[in-house]
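Presented below is the structure to which this report refers.
Chain identifiers are assigned alphabetically (A, B, ...) following the order of the sequence lines, protein sequences preceding nucleic acid strands; residue numbering begins at 1 within each chain.
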Amino acid sequence: MVTVQKLINEEGLRVDGRRLDELRPIRMEVGLLANADGSAYIEHGKNKIIVAVYGPKEAQPKHVSLHDRAVVRCRYHMAPFSTDERKSPAPSRREIEISKVVREALEPVIFTEYFPRSMIDIFIEVLQSDGGSRCAAITASSLALADAGIPLRDLVVGCAVGKVEGKLVLDPSDIEDKLGEADMPIAFIPVLGKISLLQMDGMFTEEEFIKALNMAKEACMKIYALQKQTLKEKYLQVEKEVRESLTLKE
Amino acid sequence: MVTVQKLINEEGLRVDGRRLDELRPIRMEVGLLANADGSAYIEHGKNKIIVAVYGPKEAQPKHVSLHDRAVVRCRYHMAPFSTDERKSPAPSRREIEISKVVREALEPVIFTEYFPRSMIDIFIEVLQSDGGSRCAAITASSLALADAGIPLRDLVVGCAVGKVEGKLVLDPSDIEDKLGEADMPIAFIPVLGKISLLQMDGMFTEEEFIKALNMAKEACMKIYALQKQTLKEKYLQVEKEVRESLTLKE
Amino acid sequence: MVTVQKLINEEGLRVDGRRLDELRPIRMEVGLLANADGSAYIEHGKNKIIVAVYGPKEAQPKHVSLHDRAVVRCRYHMAPFSTDERKSPAPSRREIEISKVVREALEPVIFTEYFPRSMIDIFIEVLQSDGGSRCAAITASSLALADAGIPLRDLVVGCAVGKVEGKLVLDPSDIEDKLGEADMPIAFIPVLGKISLLQMDGMFTEEEFIKALNMAKEACMKIYALQKQTLKEKYLQVEKEVRESLTLKE
Amino acid sequence: MSITPQIEPLAKIKSKRMIKLLTSGKRLDGRGLLDYRKIEIKNGVIEKAEGSALVSLGETKVLVGVKIETGSPYPDLPNQGALTVNAEFVPLAHRYFEPGPPDENSIELARIVDRGIRESGAINMESLVIIPGRLVDVVFVDIYILNHDGNLIDASGIAAISALLNSKLPVYRVNESGEAEKTEEYNPLPIRDCPIPVTLAKINDKIVLDPSLDEENTASAKLTMTFTKDGKICAIQKSGIGTFTLQEVIEAQKIAREKANEIRKNFFREWI
Amino acid sequence: MSITPQIEPLAKIKSKRMIKLLTSGKRLDGRGLLDYRKIEIKNGVIEKAEGSALVSLGETKVLVGVKIETGSPYPDLPNQGALTVNAEFVPLAHRYFEPGPPDENSIELARIVDRGIRESGAINMESLVIIPGRLVDVVFVDIYILNHDGNLIDASGIAAISALLNSKLPVYRVNESGEAEKTEEYNPLPIRDCPIPVTLAKINDKIVLDPSLDEENTASAKLTMTFTKDGKICAIQKSGIGTFTLQEVIEAQKIAREKANEIRKNFFREWI
Amino acid sequence: MSITPQIEPLAKIKSKRMIKLLTSGKRLDGRGLLDYRKIEIKNGVIEKAEGSALVSLGETKVLVGVKIETGSPYPDLPNQGALTVNAEFVPLAHRYFEPGPPDENSIELARIVDRGIRESGAINMESLVIIPGRLVDVVFVDIYILNHDGNLIDASGIAAISALLNSKLPVYRVNESGEAEKTEEYNPLPIRDCPIPVTLAKINDKIVLDPSLDEENTASAKLTMTFTKDGKICAIQKSGIGTFTLQEVIEAQKIAREKANEIRKNFFREWI
C-alpha cells in the first residue's frame, strides 16, 4: 500500500517532467465576467482560478469605512469540487488566513487614497486547486484590479519555491507540496522591487532561504511579462472593438 | 421486514377509508392567541397548525422596509415533536423553502400598498405534521391575516393532489405522500381565480397534470366555504359579546 | 472499577481534610491587568479566575443602551483547559445561564443610575475550575468593579453550601459537588443584608434549606473581610507609590 | 454574554396603578397577592409525540411535547437513560420574540425545568437502558411557548411533568445477534416523582404569586422553587436584578411549598 | 424566515420600455417572447471533479461540479446511494450577492434542481451500493453561479444533468475481510433519464421564456417545469408574489414542454 | 472575508514622537531598536491541564494550556498522533476585543504557532499512537491572551513550547480484548525540538524587534520567523499591508535568528 514515490528522477526532472527551476504552464485571461467591474481567470498548472473585482463603491456598512482611503475586502474561497476530497462550502481556517494574506499582498499596489470612504471587493474563487493556489490567486487578482480600471502602482505577482528531496524546486505542484520538505510562497511587486507576501512552512537553512527568495523573485518576473502581455492583448482587442464600432457608426 | 402496503383497496378506498376525491376532516378556529394581532388554528387530517399574525407595524430593521408598501415576513416552522422522528429546532432547508413559497402564496391577497414602510409578520408553527402541511398552513394563515383585520383581496386556500398506485388522489396523507408517485400542492385565490402557489414533485403526464389542477381547485372551493364559515362564526360571536357588554353597561 | 468513595471520614473530616463548615483556602489580587480599567484574580480552592472590567463607556450598539442608567454586560467563560476534559471554546448553555445570574447578582450594587447611556463590561475567565466557580467569580468580579473605580453600594460575595452523605458542607469542592446530594450557591451583599444570587439543585428539606442559607451567609462575611483586606492593601500600595513618586519629584 | 435587558415599555400609569393597588393587597387583574391564576391542563394533544400537554395559566399557554428515541449513554453513566430539555420562545408567542437560536432566557427556562425533573429523580433513568453501556432511551422534553403572559417557568414545569406522566415508552427486544429491535409495544414511561415549580415575584417589597407579564416587567426579582412529592426542595432559581433578604426567602419558601402541594392535590392527585 | 425582497432598482425608463416592447411582442435584448438565449455547454472543465459542466445562457454562467464519495446509506433506504445538491451564490456572480451561508434563494434553487434529478430517477441509485446497508456512493452536485443574468434554474439544471452525464464512478472491490477498497478503475455514472427544466416569467400578463435578470426584476412571477425524456413533468415550482390563472399554467406547460424537447434534441441527442 | 482593519486611533502626537525617536535609534518605552522586552515564563500554572505556561513580554500576557485526549488518527496518517492549536482573543485582554468565534487574527496567530511546532517536528507524533490506525493521542494547545500589548505571536509561541515541554502524557494499556485503558501513570510528552518565533516590525523603514501594541498600530508590516534548535527556519509569516525589500528580509532573518538563539539560551538551556 505504501508506494515510495521518487519526486526527482536521475536526470534531475520532476514528476511532471519539469526541471527544478521551471514554471508550470500558465494561461491568463481578463474581462470574462459581464457583471463584475473587472475580472480575470488563470490556469497555473492545474490551478483554475477566477477573480472578480467590484468597486470602488460606497463602503457598506458605514462603520467599516475609512475617512482617508478605500477599504479592501478580499475573499479567497474554494469550490467544493476544487479539491480531491469534496470541500465543505463553509470557509475553512486555511481560507480565512489566505484571504487575509492575499489582501495584504494586494493592498500595497492599490491607490486606495484616491477613494476615501469607498470599498473595493476582490472575490477569488478557486475552481480547481493545485500547489501554489494563493500565488496564482494573487497574480490573477492584480489583473482583475487592472481590468476594473482601478489605479495601481504596479501589478503583483505570486510564485512559490519548495524543497523536494533536499533540492529547491520552483513552483511546486500539489504532490510536491504535500510530500516535499518546505514551501515558501511569495508575492512580488516588480516595479517597486518589494515583497508583499511571504510565508513559509517546512525547513530551510539560511542559505536555502536566500536562494529560494531569489528563485521566486526571478520566476515572478517571468509571470509579470505574461500578465502585461495579457493586459496588452485585452487593450488591443478593446481598441479594435471600439474602432470597429466607430467605423460602423460613421 | 418489507411489508408491501396497498394504498388503495379493491373498493377504491384509501388506507384511511377515504374515496379518491375526498378531503380529510378539517377543523378551524380563529382568534385563540391573546398576544397576536390575529391568530388561527387548523386541524387538517393529522396536521395541527397554529398561526399568529403581528402587524402592520413599523418595519425593523429599517433597511428591509419598502417605501411604497408593507414587507411581509413569513416563517414556517415545525415543533421538534411534530414529526415521527424528533426534528432539530434549527430551521431545515425544507422549512426555509416553504417559508418562501408560503409567503409568495399569501402576499398577493394582502393590500400591502396601504401600509408603506410597514411589516406584517406571519408566524406558522406546525405542532403536528401530516401530508399537505404547507397547504393547511396557507389556509390557516389567511384566516389569521383576516383575524388581524388586515385588508385582504380574498382568502387563500391550500390543497394538494397526489398520485398513488397510478391514480390521482385528493389531499394525500403522510403515508400517501411518502409512498406515492407524485405530490402537487397548490394555493388558490377563489375570488380572483388565481393560483398563488404551485409546486410538484413526482411524475405526471400532461393529462394527469391538468386533471390534478382541476381537482385541487375544486377542493380549494370546499375549504374556502369552511374558512368563510369560521370567520362568520367568529364575527357573530364577537358581535354577541359586544352586544352583551353594551347591555351590561346600560 | 467502581470505587465507593467516602466523602466524610469517621472524624467528620472531608476528603481535603476540611471540617464541615470550613472554607477552602482563598487568595485574591487586584489590578493585575494593564489594559483593563479594573481587574482581579482569585484562587478559591482550585478555582483560578481572572476578571477584567471595562467602563463605564459609551453603550455600543446604541439600541442596547438605557436612557436612565448604564447597562451591564457580563460574560462568564471557561478556558478550554480549565476542566478535566477539554471544553469547547464555544459558550455552553451552562456558561450562558451563569453569565446571566452572575450579572443579576452584581448589578444591584452598581450605581448604574450615575451613568445613563453607558455600558459596564465584566469579563470573567475561568482559567481552572473547581466547585463553586460562579461564587468565586462573583467575589472576584466585585473586586474588579471596585478596582475600576466604579461606585458601588457594597461588595458582593459568593459562597455555596452543599450536602454530602446527608450532611451540610460549606463551600463544596468539585468532587463533593459531583458526588454530593445538593449544591446551593448564593451571593450576599453584606452591608445591605441582601441575597442577590440564589440557586439550588439537589434535595433539601425545609430545615436543611434554612440552615444552609445561614451557613452560606456566615461564610460570605468571612470572605468579605478578605475582600476588604485585599482592596486596602492595594490602596496602601498605590498610596505608597504615589508618595514615593512625589518624593522623587521634590 | 448577558446584558441588562431593555424593559418592555409599560405605561407608567399602569405601573403606578399596579404598585398602588399592591399596597392595598390587590392586583391589576383583580387577584389577591397570593392568588394563582386558573390552571388548565390538556394531556395528549400531540398524538405523534410519545407524550404531550398543553398548560394554560390565564393567558399564558405552553405546549410540551415528549419524544423518546434511542442513543448512546453518557460515557460516565453507562446504565442510565438520557434527558434533554429544550425551550423555544417562538415568535408566535409575543411581539418581542424574534426567531433565532435559544437566548439566555430560553436556556435558563429549560435548565430550571431540567433541574426540577432531574434532581427530583422524577424519571427512573436506570430503567431506560436497552443494552447496558451501548443503547439507552433518550427523553427529549421540548417546551413550546404559544402565548406569553408571564410565569413561563411554572407553566413549563407543570406541562413538562404532565407530558412525562402521559408518555409511552417504546419496548425494544434485543435479538440473538445483540441488536435492539423496536416492537409494537409500549410501556408507560416510569415516573417516580411529581416536581412542581412555584414562582413568586417581588414588586416594591411586596411578594406576589404567579406573576403576569405586566407584573414581571415591573418586578425587581423573581424566585422559583420546585418541590418534590415529599415536600423537599429540589431546585431554586432567583432571577432579575433585585434582591431578597434572608427572611423574605424563607417566607417565600413557605408560600411556594404550600402552593405546590395545592397544585399537586388538584391536578396530580395520585402523587399525594 | 422569508421576507419580501428589496427589488434591485431598475431604471423606471428601462422597465417601462421593457413593458412597452412586450406589448408589441419584443424584448429588451431583441428576442421574441418565446425565444431562448443561446445555450453553450462545456463538459469536463474541472478534471479533479468526477464530473463537471459549464453552462452559459447568454451572460448567465453556471458551473456544476460532481464529486462522488462513499458514505452510509439513509437508514430507511439501505439499498440506495445518496444524492446531495447544493448551490452557492458566490459574490463573484453579482454585485448584490454577499458571502455567507446559503439563503432562501440558493436553497430553493438547489431543491428545484434536486427534485428534477431525483424525481425523474435520472441517477440509478440502486446501482450505487457498495456494501448493502453499510456503504454507498454519495453523489454531491455543487452548483456554482459565476455570472448572474437571470434564469439560474434552467442554467443550473442543464449544467447538473450535463455534469452527471460525464461523471465517472470509482469502482470499489470488497475484500475478504468485508472492507471496501478503492480500485483504479472507473465506470460511467449510471444515468437513466435526462430531466430538463424550463422557466417562464410573467410580466404584465405576458409570458416570456428564459427571462434575463432585468426581466426577472420586473416580472411578478416565474414558473419552472422540469420534463423527463418521455415528456412527463417531474418537478414544478412557481415563485414570486404574482399569480397565474389555471389557463396560464396549462399553456405555460405546453410551451415549456416543447422547449425542453428542443433543448434535449440539440444538446442531449442520445436522450430522444 | 478579510477587510482592511480599522486602526486603533493612536494620538497623532504619540505616533509622530515614536517615528521621530526611531530616527535617533530610540523607542517610546526607552528600548533600542533591537531590544526585546523582558520575558517571564511561569510553568505549570494550571494543574488540571496536562501542561501550561504563562508568558509575559512586558505587559503582554499569554497563557497556554495543553490538554491531551484520545481520538481517531487522520485516515491518511494512521500512525501519528494529532495536534490542534487554537487561539482565543478573550475580551478581557483588550478593550477592542469582542466575544465571538475566532476572527482572522486569532486564526492566523494559531496557524503560525501551529506551523512552528509542526514543521520543526517538535512533538514526536509517531510516539502518540495507542492502537495503530484506531486510537491516538490528540494534543490540544489552547492559546489564551490575557493582556495584549503587542507581539502576541512570540509570546504565544514561547508559551506553547514551554507548556509542551512541561506536559505529561497519560499512559494507556491495551487489554486482551484490544481496548485501551487509561492507567494512573504519566510519561513526559516526547519533545524533539524547541522552535522559537521572533517578530520584527517595520515602522517608516526602521526595523524594530518585539513591537509593542503602539508600535504595531503604527507599523506598516511585521515579519515573524521561527527557528529550530539547529538554526533552521521552520515557519515565516509576513503580515500587514506594508512591504519588504529582499534585502530587508534577509537582514531581518539574521536579527531574528540571533534573538531566537538568545531566547533559547536564556530560557531553554537544554535545547542548545
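- Side-chain contact between Ile189(A) and Thr243(F) is present, with at least one heavy-atom pair separated by less than 4.5 Å.
- Rounded to the nearest 0.5 Å, atoms CG (Asp103(F)) and CD1 (Ile96(A)) are 9.0 Å apart.
- Residue-environment remark: NZ (Lys229(F)) exceeds the threshold of 12 foreign heavy atoms within 6.0 Å.
- Of all residues in residues 129-141 of chain A, none places a non-hydrogen atom less than 4.5 angstrom from a non-hydrogen atom of chain F.
- With hydrogens and angles left out, the side-chain atoms of Thr4(F) and Glu107(A) include a donor and acceptor closer than 3.5 Å.
- Among Ile98(A), Leu66(A), Val72(A), the residue making the largest number of heavy-atom pairs under 4.5 Å with chain F is Val72(A).
- In Glu258(F), the CD atom is not crowded: 12 or fewer heavy atoms of neighbouring residues, nucleotides or ligands sit closer than 6.0 Å.
- Of all residues in residues 75-90 of chain A, those placing a non-hydrogen atom less than 4.5 angstrom from a non-hydrogen atom of chain F are Arg75(A).
- For Lys57(A), the NZ atom counts as densely surrounded, since its 6.0 Å shell holds more than 12 non-hydrogen atoms of other residues, nucleotides or ligands.
- Counting heavy atoms of neighbouring residues, nucleotides and ligands inside a 6.0 Å radius, atom CD of Glu207(A) does not exceed 12 of them.
- To the nearest 0.5 Å, atom CG of residue Asp201(A) and atom CG of residue Asp114(F) are 9.5 Å apart.
- For the pair Ile195(A) and Thr245(F), the minimum side-chain heavy-atom distance is 4.5 Å or more.
- Rounded to the nearest 0.5 angstrom, Met1(F) CE and Ile124(A) CD1 are separated by 12.0 Å.
- Listed options Leu198(A), Thr205(A), Leu106(A), Ile186(A) were ranked by heavy-atom pairs under 4.5 angstrom with chain F; first place goes to Leu198(A).
- Within the 4.5 Å cutoff, the side chain of Arg111(F) has heavy atoms near those of the Arg94(A) side chain.
- In this structure, Ser2(F) and Glu97(A) have side chains that are not in contact, with every pair of non-hydrogen atoms separated by 4.5 Å or more.
- For residues 121-135 of chain F, every residue pair satisfying the salt bridge (charged side-chain N to carboxylate O under 4.0 Å, His left out) rule, not counting sequence neighbours, is listed here: Glu126(F)-Arg192(F).
- The minimum heavy-atom distance linking Gln6(F) with Ser65(A) is given by the pair NE2-O, 3.1 Å.
- Between Gln253(F) and Phe209(A) there is a side-chain heavy-atom pair separated by less than 4.5 Å.
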Between Lys254(F) and Glu206(A), does the salt bridge (Lys or Arg N to Asp or Glu O under 4.0 Å) criterion hold? Intermediate values first, please.
CA-CA 9 Å; Lys254(F) 287 190 201 302; Glu206(A) 183 170 12; 2.6 Å; yes
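- At a 4.5 Å heavy-atom cutoff, the contact between Arg257(F) and chain A is made by side-chain atoms alone.
- In this structure, the portion of Thr228(F) lying under 4.5 Å from any heavy atom of chain A is its side chain and not its backbone.
- With sequence neighbours excluded, the residues forming a ring-ring contact (aromatic ring centres under 6.0 Å, His included) with Tyr114(A) are Phe111(A), listed by chain and number.
- In this structure, the side chain of Lys238(F) engages the main chain of Ser196(A) through a donor-acceptor pair within 3.5 Å.
- With a 4.5 Å cut-off on non-hydrogen atoms, Glu104(F) touches chain A through its backbone and its side chain both.
- Residues Glu108(F) and Val101(A) are in side-chain contact: their nearest non-hydrogen atoms beyond the backbone lie under 4.5 Å apart.
- Taking each heavy atom of Ala110(F) and Arg93(A) in turn, the nearest pair found is CB-NH2, 3.3 Å.
- Under the 4.5 Å side-chain criterion, counting only non-hydrogen atoms from C-beta, Ile236(F) is not in contact with Gln199(A).
- Per-residue counts of heavy-atom pairs under 4.5 Å with chain A were compared for Leu246(F), Ile250(F), Ile3(F); the largest is that of Ile3(F).
- Between Met200(A) and Ile233(F), some side-chain heavy-atom pair lies under the 4.5 Å cut-off.
- The greatest number of non-hydrogen atom pairs below 4.5 Å with chain F, out of Met203(A), Lys194(A), His63(A), Lys100(A), is found for Lys100(A).
- Of the atoms belonging to Pro108(A), heavy atoms from both backbone and side chain fall under 4.5 Å from chain F.
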